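The shown structure was predicted, so the numbers you read here are calculated from the model rather than taken from an experiment. Position 1 is the first residue of the sequence; numbering continues from there.
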Amino acid sequence: QVQLVESGGASVRPGGSLRLSCTASGNTASTNAMAWFRQTPLKEREGVAAIFTGGGTPFYESSVRIRFTISQDRSKNTVYLQMNTLRPEDTGMYYCAAGYLSSYNSWPTPTNYAYYGQGTQVTVSS
């Protein structure tokens, strides 16, 4: 089992920034990727960004590619999502996920991740 604890969600104005954190504990060796997903009442859970814990180029959903940055601190088993130039459409519950992915292309699919955190709310509004 892997436990994930997210933090950093808040309410901000458009154009603002936030940094989300996700710390993993437990059998993290059973996973090779961590990701951030977001969900709203009107949309299904969608992949925002992912990073393979062994290194390599991160992956991003197209609308966040130049505004968000996913990074990791392996010594702390922690993944971060730096979100800049936030827009109202970025509003949602953000979930950290961990799993073992067999291919890079599978990163956006929520069911490919075995573990999720409890979520942290991000609200972007004027």
Side-chain angles (χ1 to χ4, degrees):
Q1 292 289 324
V2 175
Q3 294 78 43
L4 303 171
V5 178
E6 305 108 326
S7 63
S11 294
V12 297
R13 296 188 182 278
S17 298
L18 283 174
R19 190 176 81 155
L20 307 183
S21 299
C22 172
T23 299
S25 60
N27 188 20
T28 57
S30 66
T31 65
N32 68 351
M34 294 185 71
W36 289 95
F37 287 81
R38 67 184 173 197
Q39 189 169 12
T40 69
L42 299 179
K43 291 182 68 175
E44 293 183 351
R45 192 168 295 191
E46 65 173 349
V48 175
I51 190 166
F52 282 76
T53 54
T57 303
F59 297 88
Y60 296 96
E61 191 270 330
S62 59
S63 71
V64 309
R65 191 181 310 276
I66 60 171
R67 300 183 295 122
F68 292 8
T69 302
I70 188 170
S71 62
Q72 61 181 333
D73 184 336
R74 289 181 232 177
S75 68
K76 298 180 180 178
N77 280 338
T78 298
V79 170
Y80 304 98
L81 186 67
Q82 177 67 43
M83 305 187 295
N84 298 327
T85 319
L86 282 161
R87 304 168 179 170
E89 54 264 38
D90 295 318
T91 294
M93 185 69 79
Y94 282 69
Y95 295 92
C96 178
Y100 190 90
L101 304 185
S102 58
S103 71
Y104 295 132
N105 291 338
S106 61
W107 80 265
T109 304
T111 54
N112 287 334
Y113 296 82
Y115 307 104
Y116 281 88
Q118 80 286 354
T120 186
Q121 178 69 35
V122 172
T123 302
V124 185
S125 174
S126 57

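- Side-chain atoms of Gln72 come within 3.5 Å of backbone N or O of Phe52 as a donor-acceptor pair.
- Counting heavy atoms from C-beta on, the side chains of Thr53 and Met34 come closer than 4.5 Å.
- Screening residues 74-126 for disulfide bond (SG atoms under 2.5 Å apart) gives Cys22-Cys96 as the qualifying pairs, with residues at least two apart or on separate chains.
- A pairwise comparison of heavy atoms in Ile70 and Val79 identifies CG1-CG1, 3.7 Å as the closest pair.
- Under the 4.5 Å side-chain criterion, counting only non-hydrogen atoms from C-beta, Met83 is in contact with Leu20.
- Glu61 is linked by a side-chain hydrogen bond (donor to acceptor under 3.5 Å, both in side chains) to Ser63, counting only residues two or more places apart in sequence or in another chain.
- Smallest separation of non-hydrogen atoms from Ala24 and Val2: CB-CG1, 4.3 Å.
- Within the structure, salt bridge (charged side-chain N to carboxylate O under 4.0 Å, His left out) contacts touching residues 65-75 (residues at least two apart or in different chains) are Arg67-Asp90.
- With sequence neighbours excluded, the residues satisfying side chain to side chain contact (heavy atoms under 4.5 Å, CB included) with Val12 are Leu18, Leu86, Val124.
- Of the inter-residue distances, the one linking Gln1 atom CD with Ser25 atom OG reads 10.5 Å to the nearest 0.5 angstrom.
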For residues 99-115, which side-chain N or O atoms pair as donor and acceptor with protein atoms under 3.5 Å away, sequence neighbours left out?
| residue | atom | partner | partner atom | Å |
| --- | --- | --- | --- | --- |
| Ser106 | OG | Ser103 | O | 2.6 |
| Asn112 | ND2 | Ser106 | O | 3.0 |
| Tyr113 | OH | Trp107 | O | 2.7 |

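- Take Glu89 and apply the side chain to side chain contact (heavy atoms under 4.5 Å, CB included) test, not counting sequence neighbours, and it matches Arg87.
- Think of Tyr80 as one node in a network of Ile, Leu, Val, Met, Phe, Trp and Tyr side chains linked at under 4.5 Å; it has no links at all.
- Every residue was checked against the side chain to side chain contact (heavy atoms under 4.5 Å, CB included) condition with Thr57, not counting sequence neighbours, and none meets it.
- For the residue pair Ser7 and Thr120, the shortest heavy atom distance occurs at C-OG1, 4.2 Å.
- In terms of heavy-atom proximity, Thr40 sits nearest to Gly92 at CG2-CA, 3.9 Å.
- Listed by chain and residue number, Thr78 satisfy the side chain to side chain contact (heavy atoms under 4.5 Å, CB included) test with Thr23 (two or more places apart in sequence, or in another chain).
- Linking Ile, Leu, Val, Met, Phe, Trp and Tyr whenever their side-chain heavy atoms come within less than 4.5 Å leaves Phe59 and Ile51 in two separate clusters.
- A search for ring-ring contact (aromatic ring centres under 6.0 Å, His included) contacts involving Tyr116 returns Phe37, not counting sequence neighbours.
- The side-chain heavy atoms of Thr91 and Val122, taken from C-beta on, include no pair separated by under 4.5 Å.
- In the hydrophobic clustering (ILVMFWY side chains linked at under 4.5 Å, chained through shared members), Leu42 stands by itself.
- Counting heavy atoms from C-beta outward, Tyr95 and Arg45 have side chains that approach closer than 4.5 Å.
- For the pair Gln39/Glu46, no side-chain contact is recorded, criterion being any heavy-atom separation below 4.5 Å from C-beta on.
- Annotation: side chain of Pro14 is in contact with side chain of Pro88 (closest heavy-atom distance under 4.5 Å).
- In this structure, Arg13 contributes its side chain and Ser126 its backbone to a donor-acceptor pair below 3.5 Å.
- Applying the side-chain hydrogen bond (donor to acceptor under 3.5 Å, both in side chains) criterion to Thr123, with sequence neighbours excluded, gives Gln121.
- The distance from the CH2 atom of Trp36 to the CG atom of Leu81 is 6.5 Å, given to the nearest 0.5 Å.
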